[in-house]
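Below, each value reflects all heavy atoms present in this structure, side chains not excepted, and no hydrogens, waters or symmetry copies.
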Amino acid sequence: MSLELLRDGTVIPAHPLALTADRRLDERRQRALTRYYLAAGAGGVAVGVHTTQFAIRQAGLLEPVLALAAEVVDGEAGRPVVKVAGACGDTAQAVAEAELAARLGYHAVLLSPVVPGADEVALLARAKAVGEVLPVVGFYLQPAIGGPRLSTAFWRAFADLPSVVAVKLAPFDRYRTLEAVRGIAAADRGDQVALYTGNDDHIVGDLLGEFAGRRFVGGLLGQWAVWTRAAVELFGQVRAARAGDPAALALLTDRAAAVTDANAAVFDAAHDFHGCIAGVHEVLRRQGLLDGVWCLDPAEGLSPGQAEELTRVAAAHPWLTDDEFVAAHRDDWLR
């Protein structure tokens, strides 16, 4: 049922990491974040991915963080919710992380493409090995945070792997996005692979557009880790526009640039995304869901002027926020 939801398309926030001031896991707030996403109407959560901080592996936090999210979803959702676990590293590490996710009841693995020294042939072999454990969601990661350039031929071969159920395209580049979709569309089983936008800089355009005869069915996004209730409402407007509602289409056309404007502030585009995780944390801190913006790496934090930009976009585009919704339910989520 959850994989059907993934194929049909939904809102999947990339789950952040809640830390205390001494950079230890804050289990109460970690659970609260998952409850927030469920209450906001998200159809899934992606845990152990970039927004969760890849360094959770070195910190020994991968298993507890995956386990906490699974515990809340399984015990409290009361509806189908797709659980996606991030997997990193070489083949041995990625397979081991997929096995951990399978033991914890995850439905699919979002496979990071960052493997130093690996060419496309090696990446395909690694994906095949991981796919023997859990269904695979491919990941085209933007170069600013280490993503490699991957060819159209790679994506065609990737989509033909029988374990691949979806691909998150997040190169933050229209040309590379189109190249990848062309490859997937040309694959023999391309129509069995759901397309998810990870282009946080172009969310509305990706969800409304057609690429090589294919459409994005949903989003797996760090941007949707904040103001998630509003993101779910936005996704509903996208579906209405696709169904022929001219008012929804007009509204989305007017608001597309504002969504990108908000993402520039949250992800700190002005400073080459240095503050992207801290920006997510700051929004959640202002809402009272997190206690601070602490990251595992002490060098990661808000960039100069980023806090002011977050204030500006929230005031300029209040429909993008869900502060009242969070305020009404926060205490219950933090129980």
Do Leu195 and Val181 have side-chain heavy atoms sitting under 4.5 Å apart?
-> yes

Ion pair check, Asp74 and Lys83, cut-off under 4.0 Å | yes

Kindly indicate whether the side chain of Pro64, heavy atoms from C-beta on, has any atom under 4.5 Å from the side chain of Gln30.
-> no

Going by atom types only, do Thr177 and Asp206 share a side-chain donor-acceptor pair under 3.5 Å?
-> no

How would you list, by chain and number, every residue that makes a salt bridge (Lys or Arg N to Asp or Glu O under 4.0 Å) with Asp254, sequence neighbours excluded?
-> none

Salt bridge flag under 4.0 Å for residues Arg330 and Asp323 = no

Output the distance between atom CG (Leu302) and atom CG (Leu310), rounded to the nearest 0.5 Å.
-> 7.0 Å

Same cluster (ILVMFWY, side-chain, under 4.5 Å), Leu17 and Leu66 | yes

Would Val130 end up clustered with Leu141 when hydrophobic side chains under 4.5 Å apart are linked, directly or stepwise?
-> no

From OG1 (Thr20) to CG (Asp291), nearest 0.5 Å = 8.5 Å

Heavy-atom check, side chain of Leu123 versus side chain of Phe158, under 4.5 Å | no

Using a cut-off of 6.0 Å, state whether more than 12 heavy atoms not belonging to Glu324 lie near its atom CD.
-> no

Do NZ/NE/NH1/NH2 and the carboxylate oxygens of Arg35 and Asp332 come within less than 4.0 Å?
-> no

In terms of side-chain heavy atoms, does Asp268 have a donor or acceptor partner in His271 at a distance below 3.5 Å?
-> yes

Glu71 CD to Glu76 CD distance, which is reported to the nearest 0.5 Å | 8.0 Å

Quick check: are there more than 12 heavy atoms from other residues, nucleotides or ligands sitting under 6.0 Å from CZ of Arg24?
-> no

Would Arg149 and Glu179 pass as an ion pair if we require N to O under 4.0 Å?
-> yes

Any side-chain heavy atom of Tyr140 within less than 4.5 Å of one from Val167?
-> no

Applying side-chain contact (heavy atoms from CB on, under 4.5 Å) to Asp245 and not counting sequence neighbours gives Ala240, Ala247, Ala248

Closest approach of Gly48 to Arg57 (non-hydrogen atoms, all atoms of both residues) = O-NH2, 2.9 Å

Could you grab the distance from atom CD1 of Ile203 to atom CZ of Arg255, nearest 0.5 Å is fine?
-> 14.0 Å

In terms of ring plane angle, is the pair Phe325 and Tyr36 parallel, tilted or perpendicular, where the classes change at 30° and 60°?
-> tilted

Rounded to the nearest 0.5 Å, what's the gap from OH on Tyr196 to CG on Leu6? Could you check?
-> 4.0 Å

Report whether Leu38 and Trp227 are members of the same hydrophobic cluster (ILVMFWY, side-chain heavy atoms less than 4.5 Å apart, transitive linking).
-> yes

Pair Glu282 + Arg285, salt bridge at N-O below 4.0 Å | yes

Side-chain contact, heavy-atom cut-off 4.5 Å: Gln53 with Leu61?
-> no

Report yes if the side chains of Gln142 and Asp173 come closer than 4.5 Å at any heavy-atom pair, otherwise no.
-> no

Report the distance from atom CZ of Arg156 to atom CG of Asp188, rounding to the nearest 0.5 Å.
-> 6.5 Å

Contacts under 3.5 angstrom, residues 89-96 side chains, donor-acceptor by atom type, not counting sequence neighbours:
unit_1 : atom_1 : unit_2 : atom_2 : d
Asp90  : OD1    : Ala92  : N      : 3.4
Asp90  : OD1    : Gln93  : N      : 3.0
Gln93  : NE2    : Glu97  : OE2    : 2.9

State whether a side-chain donor-acceptor pair under 3.5 Å links Thr34 with His15.
-> yes

Identify whether the distance between the nearest side-chain nitrogen and carboxylate oxygen of Glu308 and Arg312 falls below 4.0 Å.
-> no

